[in-house]
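Here's the structure we're looking at; comments come further down.
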Amino acid sequence: MQKNRQAWVLSSMRIELENLPQWHETIEVETWIETLSGIKSIRDFNVFLNDRKIVGANSLWVVLNTDKRRPETIAISHNHLEKFPEKKPTVQNFSRIDLSQNSQFIKEHQVVYSDLDALNHVNNVKYVEWCLDCLPIEILQKNTINAIDINYLKELTYHQKAAVFYCKNDKEVYFYIKLDETICFAMKLELKH
């Protein structure tokens, strides 16, 4: 893909959590292509601990022209790749997150070099880290997250100042990362009751 100035970028993801592995436990990851055509691919994975599924994820990836910074049809042949459209890792698929929740500013983050990936924009994991670092510690320590929905809406690049916004109710937590008034990233956590 690099020869064609193309790369895959993550657009949306849903992760459903039964449990999380503990320190020194060995996990197995199973991954597959659900669909692949045009500008997008749905890729899935399951995580197993002692042959028991503990995590499932459904994700949407888009082909990006790295020069134009725009989506485009994949330029390489993929007919040889096996697809599994009937195999589903999650109960619900990834979806668009409600961007209208009444959220409050929680912190600012200026993008640093270590936040960047090979495309020189913020690595998808960094957005999640910035948000999880703002959660009340008891949510993380008590393993009360049932599912995570993620939408990547606009890239952030080096030295830009992003603002993290937060909203929580009994069942859900919303995070929005904004550049000025534009939402670049949204994440919704579904909490266990």
Side-chain angles (χ1 to χ4, degrees), residues 7-21 29 31 34 40-47 54-62 64 71 88-112 114-117 119-158 160-193:
W8 288 108
V9 293
L10 183 58
S11 177
S12 297
M13 179 179 265
R14 177 166 175 89
I15 305 166
E16 294 177 353
L17 305 150
E18 290 291 322
N19 201 354
L20 292 174
V29 178
T31 185
E34 189 176 315
K40 64 184 180 178
S41 177
I42 297 174
R43 302 184 207 163
D44 300 323
F45 69 86
N46 288 322
V47 178
I54 59 171
V55 176
N58 173 242
S59 64
L60 173 64
W61 295 76
V62 175
L64 180 78
K88 305 293 182 188
T90 55
V91 175
Q92 295 180 33
N93 291 333
F94 58 83
S95 61
R96 294 188 69 75
I97 296 172
D98 177 7
L99 303 179
S100 66
Q101 295 292 316
N102 188 17
S103 60
Q104 64 184 25
F105 171 80
I106 198 157
K107 77 172 188 177
E108 189 174 79
H109 179 85
Q110 185 162 2
V111 177
V112 296
S114 61
D115 292 329
L116 304 180
D117 63 15
L119 298 177
N120 284 320
H121 63 199
V122 173
N123 181 281
N124 59 62
V125 173
K126 292 296 184 171
Y127 296 92
V128 176
E129 286 177 358
W130 301 344
C131 295
L132 292 180
D133 286 345
C134 297
L135 271 177
I137 192 74
E138 59 273 5
I139 290 176
L140 298 168
Q141 288 179 333
K142 293 180 181 177
N143 195 20
T144 59
I145 300 171
N146 191 50
I148 303 170
D149 283 298
I150 299 169
N151 292 168
Y152 297 90
L153 305 167
K154 184 178 185 328
E155 67 181 351
L156 288 171
T157 58
Y158 181 69
Q160 290 182 312
K161 283 188 182 174
V164 180
F165 287 78
Y166 169 87
C167 169
K168 181 183 180 301
N169 60 44
D170 291 340
K171 297 178 184 176
E172 300 167 327
V173 177
Y174 286 85
F175 283 100
Y176 306 118
I177 296 178
K178 298 181 181 182
L179 180 63
D180 300 320
E181 294 302 311
T182 302
I183 298 175
C184 300
F185 171 84
M187 181 168 74
K188 180 179 82 170
L189 308 176
E190 295 173 11
L191 303 178
K192 295 175 185 173
H193 306 325

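Note that this is a predicted model, so its numbers are computed, not measured. Index from 1, following the sequence.
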Test side chain to side chain contact (heavy atoms under 4.5 Å, CB included) applied to K192 and N143, step by step: CA-CA 9 Å; K192 295 175 185 173; N143 195 20; 4.1 Å; yes
So, taking the atom named NE2 in H109 and the one named NZ in K161, what distance separates them when rounded to the nearest 0.5 Å? 12.0 Å
Euclidean distance, L153 CG relative to Y176 OH, rounded to 0.5 Å: 10.5 Å
side-chain contact (heavy atoms from CB on, under 4.5 Å), paired with N93, selected from I42, D149, D44, N58: N58
Verify side chain to side chain contact (heavy atoms under 4.5 Å, CB included) between L132 and M187, making sure each step is shown before the conclusion. CA-CA 10 Å; L132 292 180; M187 181 168 74; 4.2 Å; yes
Looking only at heavy atoms, the pair that brings T90 and G56 closest together is CG2-O, 3.4 Å
Other residues, nucleotides and ligands only: do more than 12 of their heavy atoms fall within 6.0 Å of NZ on K168? yes
For a 4.5 angstrom cut-off between non-hydrogen side-chain atoms, does T157 reach N120? no
Would you check if I150 and F185 make a side-chain contact, meaning some heavy-atom pair closer than 4.5 Å? yes
Does atom CG (N169) have a neighbourhood of more than 12 heavy atoms from anything else shown, all under 6.0 Å? yes
Closest non-hydrogen contact found for L179 with C184 is CB-SG, 3.7 Å
Between P89 and A57, which heavy-atom pair has the shortest distance, and what is it? CG-O, 3.1 Å
Whether the side chain of S59 engages the backbone of R43 through a donor-acceptor N/O pair (distance < 3.5 Å, no angle test) should be reported. yes
Could you pull out the closest heavy-atom pair between C167 and N102, with the gap in Å? SG-O, 3.6 Å
Measure the spacing between CG of L10 and CG of L60 and express it to the nearest 0.5 Å. 8.0 Å
To the nearest 0.5 Å, atom CH2 of W61 lies from atom OG of S12 at 11.5 Å
To the nearest 0.5 Å, what is the distance between CG on N123 and CG on L116? 9.0 Å
Within the 4.5 Å heavy-atom criterion, are Y166 and L135 side-chain neighbours or not? yes
Just wondering, do D133 and V164 contact through their side chains at under 4.5 Å, heavy atoms? no
Give the intermediate values and the outcome of side chain to side chain contact (heavy atoms under 4.5 Å, CB included) for residues L156 and D115. CA-CA 10 Å; L156 288 171; D115 292 329; over 6 Å; no
Would you check if D170 and L191 make a side-chain contact, meaning some heavy-atom pair closer than 4.5 Å? no
Looking only at heavy atoms, which two atoms of F175 and C131 are closest? And how far apart? CZ-O, 3.2 Å
Within this structure, what is the OG-NZ distance for the pair S95 and K188, rounded to the nearest 0.5 Å? 6.0 Å
The residue among K171, Q92, R14 that forms side-chain hydrogen bond (donor to acceptor under 3.5 Å, both in side chains) with E190 is R14
Decide whether T182 and D180 meet the rule of one side-chain donor and one side-chain acceptor closer than 3.5 Å. no
So, E16 side chain and V91 main chain: donor-acceptor pair closer than 3.5 Å or not? yes
Show the nearest heavy-atom pair for residues P21 and I54, with the distance to one decimal. CD-CD1, 3.6 Å
May I ask you to decide if the ring planes of Y127 and Y152 are parallel, tilted or perpendicular, using 30° and 60° as cut-offs? perpendicular
Can you check whether K178 reaches F165 side chain to side chain, under 4.5 Å on heavy atoms? yes
Do I145 and L140 come close enough that some side-chain heavy atom pair is under 4.5 Å? yes
